Amino acid sequence: MLKMSTLFLRTLRDDPADAEVTSHRLLVRAGYIRRIAAGIYSWLPLGVITLRNIENVVRQEMDAAGFQEVHFPALLPREAYETTNRWEEYGPSLFRLQDRKGGDYLLGPTHEEMFTLMVKSEYSSYKDLPLSIYQIQTKYRDEARPRSGIIRGREFVMKDSYSFDIDNAGLDVSYQKHRDAYISCFNRLGLKYNIVKAVSGAMGGSKSEEFLAPCDTGEDTYVLCPSCGYAANVEAMVTKVPAGDPSGVPALEELDTPNTPTIDSLVAIMNEKFGAGHSAADTLKNIMLVADGKPIAVLVPGDREVDLKRLQENLGGVHELRVFEEADFAKHPQLVKGYIGPQDAAKSGITVYADPRVAPGTSWISGANKKDRHARFVVNGRDFTPDAYIEAAEVRAGDACPECNTEVIIDRAIEIGHIFQLGQKYAQALDLTVLDNNGKSQVVTMGSYGIGVSRAVAAIAEQTSDAIGLNWPVEIAPAKVHIVATGKEDLPFDTALKLGEDLEAIGISVMLDDRRDASAGVKFKDAELIGNPIIVVVGKALADGNVEVRVRSSGEKQEVTLGHAVAKITELLK
RNA sequence: CGGGGCGUAGCGUAGUGGCUAGCGCGCCUGCUUUGGGAGCAGGAGACCGGGAGUUCGAAUCUCCCCGCCCCGACCA
């Protein structure tokens with residue numbers, strides 16, 4: 001039983017000045033966490049209990065799915081990360097350190113290598129597969145900008161699992177098992193979430209989905225179709241635009257368009273010279289970028305910006321992507337800034353990517369590759385041909401759902417889980433093979449599955465808290481029942497203690513506010529701030545043989561006789 | 001790394017060249033109080049982020065450094 005008279009806890013009356021988002025503010029105020037450095041937090045007793053409760057839900061669901069728990073060191077030698085080149089590739093986000101002999105070490109940001117090498121050293125036959133193993137581990141990433149308290153820290157707790165299969169059919173099964181386990185897990189945690197299509201990003205691999213918990217402070221943006229339920233991270237959103245019919249479009253015509261280096265100025269002069277009705281959506285924006293040192297051109301409709309993050313994810317394997325600077329234009333004199341068109345791209349040898357919105361057969365107003373000149377009736381497939389199509393344009397609310405054409409909505413969320421099919425990337429790099437039933441060596445295929453455990457504390461706090469404090473779901477609250485004893489006599493305190501013991505005897509965890517020197521008001525405020533699901537007040541009503549039972553989430557309160565309190569509480573907790 | 005804001009007691013803050021750095025919360029002692037962050041009285045607690053400078057005099061002005069928060073870049 002957590003007794004507040006001795007609990008290591010100090011709640012704060014004021015919001016801490018360095019906390020902005022709700023979860024951070026309340027977790028600090030209610031005494032769950034304290035900041036130690038940017039993105040690094042200490043967990044106080046209430047925080048530790050809450051974190052452990054979440055860990056245990058995750059652990060139980062993983063175990064129930066037949067996955068096995070292991071535990072790797074957080075402190076790792078450089079060698080493992082060299083084999084996959086990540087000592088270099090991971091860049092400044094990797095916490096690096098040296099031992100006394102000058103040997104290089106790192107604090108693990110993720111453990112693909114460790115899992116892969118571990119399986120390699122133990123297993124060598126297809127008969128050992130499938131296998132899924134997981135750990136709950138503290139991870140370290142030197143984030144460029146830690147933010148939002150516990151949501152994006154530099155030290156955080158993550159559950160990561162990996163599946164090992166002999167072939168893709170097996171991987172599909174393992175993936176599905178994880179997906180199912182995640183669903184039961186997040187349901188038990190009381191989180192609202194969407195399962196969203198994702199791009200697998202820097203980790204490589206194919207199929208990938210994210211579990212996103214919608215909330216305003218989330219840093220992920222995703223689209224959701226209100227009609228068919230299609231959901232995708234904006235980076236993975238697919239655009240389906242039908243091909244145009246160019247049959248009636250006149251031949252390409254070059255135009256005098258003095259002083260029109262921007263879309264706005266171009267549209268203005270078009271309306272002036274060729275009649276009203278032109279809009280930015282009729283123009284073709286030709287954005288020059290440098291992808292890992294190579295110049296590329298990206299075509300998007302003039303009324304849309306290029307979403308660099310989306311573009312980079314879809315380019316795949318590109319580490320550095322930036323827009324052209326003056327120096328880049330200087331190296332390519334044929335590119336007239338403000339008047340670039342794709343018509344001559346074939347000659348220049350620059351790869352041209354088109355957003356799907358620039359569909360085959362569509363006709364555009366584009367730059368003419370000469371200063372103060374544009375061209376109209378520029379038809380894709382007739383006057384230029386993109387080298388490839390790629391999702392690059394920004395996604396907007398109201399864009400068409402690729403499945404059913406309904407207008408999608410856009411929302412923000414916290415990423416609490418990510419599952420994806422890694423394929424053979426790591427197995428190949430680290431030479432993880434097993435013998436198949438023909439005695440032939442086969443590269444194992446892997447899946448990777450993460451849950452942000454410490455982040456889930458924040459996500460749940462974000463979704464469930466209200467104006468007066470935290471408000472935990474039953475499974476993860478530090479205690480299921482918060483008993484407040486009021487008054488100055490011994491009776492309410494003795495009664496409260498007895499009630500607490502009765503509850504704990506049947507497995508219901510209890511926090512007891514047995515502070516003699518705190519006023520009733522202080523105790524009520526603290527109980528509400530701390531956020532346990534049931535609050536029982538043992539005080540005034542005792543004169544009638546009653547206690548007051550309150551439900552934190554609804555604010556609903558009722559008096560029950562002392563004799564019925566345990567039954568009532570048990571019922572409310574169901 | 002770019003832009004913005006900030007750094008004064010455990011927490012929240014006032015103080016923009018002048019006297020002993022002020023207030024609220026919290027903490028300690030005593031008395032009163034005890035169902036919505038109680039009252040009175042007394043008290044402890046601050047190298048004013050660090051360093052250098054300007055000045056008779058610096059929390060306050062200047063420069064450098066460190067740290068924190070927000071937006072962006074970045075982010076399995």
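Reckoned from all heavy atoms, side chains included, excluding hydrogens, waters and symmetry mates. It should be emphasised that the depicted structure is a prediction, and the values quoted were computed from it without experimental measurement. The chains referred to below are lettered A, B, ... by the order of the sequence lines, with proteins before strands, and numbering in each begins at 1.
Taking the P atom of each, B/G7 and B/U62 are spaced 14 Å apart, rounded to whole Å. B/G12 and B/C69: their C1' atoms are spaced 16 Å apart (whole Å). Annotation: B/C47 and B/G51 have their C1' atoms spaced 13 Å apart (nearest Å). B/G2 and B/A38 are spaced 48 Å apart, taking the P atom of each and rounding to whole Å. As rounded to the nearest Å, B/G24 and B/U60 have P atoms that lie 25 Å from one another. Distance check on atom C1': B/C25 versus B/C63 gives 37 Å, rounded to whole Å. Distance noted for atom C1' between B/U13 and B/G3: 27 Å (whole Å). Taking the P atom of each, B/G22 and B/A59 are spaced 14 Å apart, rounded to whole Å.
Of the candidate nucleotides B/C75, B/G35, B/C11, B/G35 has the atom lying nearest to any side-chain atom of A/V537. Proximity note for A/K540 (side chain, C-beta onward) versus B/G36, B/C11, B/G35: the nearest is B/G35.
Within 4.0 Å (heavy atoms only), A/K309 reaches at least one base atom of the nucleic acid. Residue contacts shown for A/R550 include a base, since a base heavy atom lies under 4.0 Å away. Across all strands shown, A/R322 has no heavy atoms under 4.0 Å from either base or sugar-phosphate atoms. Residue A/T486 is classed as a base contact, given a heavy-atom separation below 4.0 Å to a base. Across all strands shown, A/E548 has heavy atoms under 4.0 Å from base atoms, whether or not it also approaches the sugar-phosphate. The residue A/A527 sits apart from the nucleic acid: no heavy atom pair falls under 4.0 Å. Residue contacts shown for A/E528 include a base, since a base heavy atom lies under 4.0 Å away. Using a 4.0 Å heavy-atom criterion, one finds that A/D15 contacts the sugar-phosphate atoms exclusively. Backbone-only contact: A/G487 has heavy atoms under 4.0 Å from sugar-phosphate atoms and none from a base.
For A/Y449, the ring pair (Phe, Tyr, Trp, His ring centres under 6.0 Å) partners two or more places apart in sequence, or in a different chain, are A/H178. Listed by chain and number, the residues in a side chain to side chain contact (heavy atoms under 4.5 Å, CB included) with A/A80 are A/E113, A/M114, A/L117 (sequence neighbours excluded). Evaluation of the salt bridge (charged side-chain N to carboxylate O under 4.0 Å, His left out) rule for A/D172 yields no partner, not counting sequence neighbours. With sequence neighbours left out, the side chain to side chain donor-acceptor pair (under 3.5 Å) criterion links A/E394 to A/R396. Remark: A/I40 engages A/I36, A/A37, A/R154 in a side chain to side chain contact (heavy atoms under 4.5 Å, CB included) (not counting sequence neighbours). Applying the side chain to side chain donor-acceptor pair (under 3.5 Å) rule to A/Q68 yields no partners; only residues at least two apart in sequence or on another chain are considered. Shown here are the side chain to side chain donor-acceptor pair (under 3.5 Å) partners of A/E391, two or more places apart in sequence or in another chain: A/T239, A/R310. Under the side chain to side chain contact (heavy atoms under 4.5 Å, CB included) criterion, A/V443 pairs with A/Q424, A/A427, A/Q428, A/T433, not counting sequence neighbours. Taking the side chain to side chain contact (heavy atoms under 4.5 Å, CB included) definition, one finds that A/E79 meets it with A/P77, sequence neighbours left out.
Annotation: side chain of A/F156 is not in contact with side chain of A/I150 (no heavy-atom distance under 4.5 Å).
Taking atom CD of residue A/E89 and atom P of nucleotide B/C75, one finds them 12 Å apart after rounding to whole Å. In this entry the distance linking CG of A/L9 with C1' of B/G10 reads 14 Å, nearest Å. Across the protein-nucleic acid pair, A/D14 atom CG and B/C23 atom C1' stand 13 Å apart, rounded to whole Å. As rounded to whole Å, 16 Å separates atom C1' of B/G35 from atom CZ of A/R516.
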With B for base contact, S for sugar-phosphate-only contact and - for none (protein heavy atoms under 4.0 Å), nucleotides 67-73 of chain B reads -SSBBBB
Parsed dot-bracket for RNA chain B after applying the Watson-Crick and G-U rules with both distances under 3.5 Å and | for other-strand partners is ((((((((.[[[[.)..(...]]]].((((((.....)))))).....[[[[[..)....]]]]])))))))....
Practice problem: Let me see the working for A/V290 and A/L321 under side-chain contact (heavy atoms from CB on, under 4.5 Å), right down to the final yes or no. | Solution: CA-CA 6 Å; A/V290 181; A/L321 183 68; over 6 Å; no
Could you list all N or O pairs between the protein and nucleotides 27-32 of chain B that sit under 3.5 Å apart?
none

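For the pair A/L321 and A/S519, both in contact range of RNA chain B, the more 5′-proximal nearest nucleotide belongs to A/S519.
Close placement of the A/F186 and A/F211 rings is indicated, their centers lying within 6.0 Å of each other.
Ring orientation note: the planes of A/Y162 and A/F115 are tilted relative to one another, at an angle of 30° to 60°.
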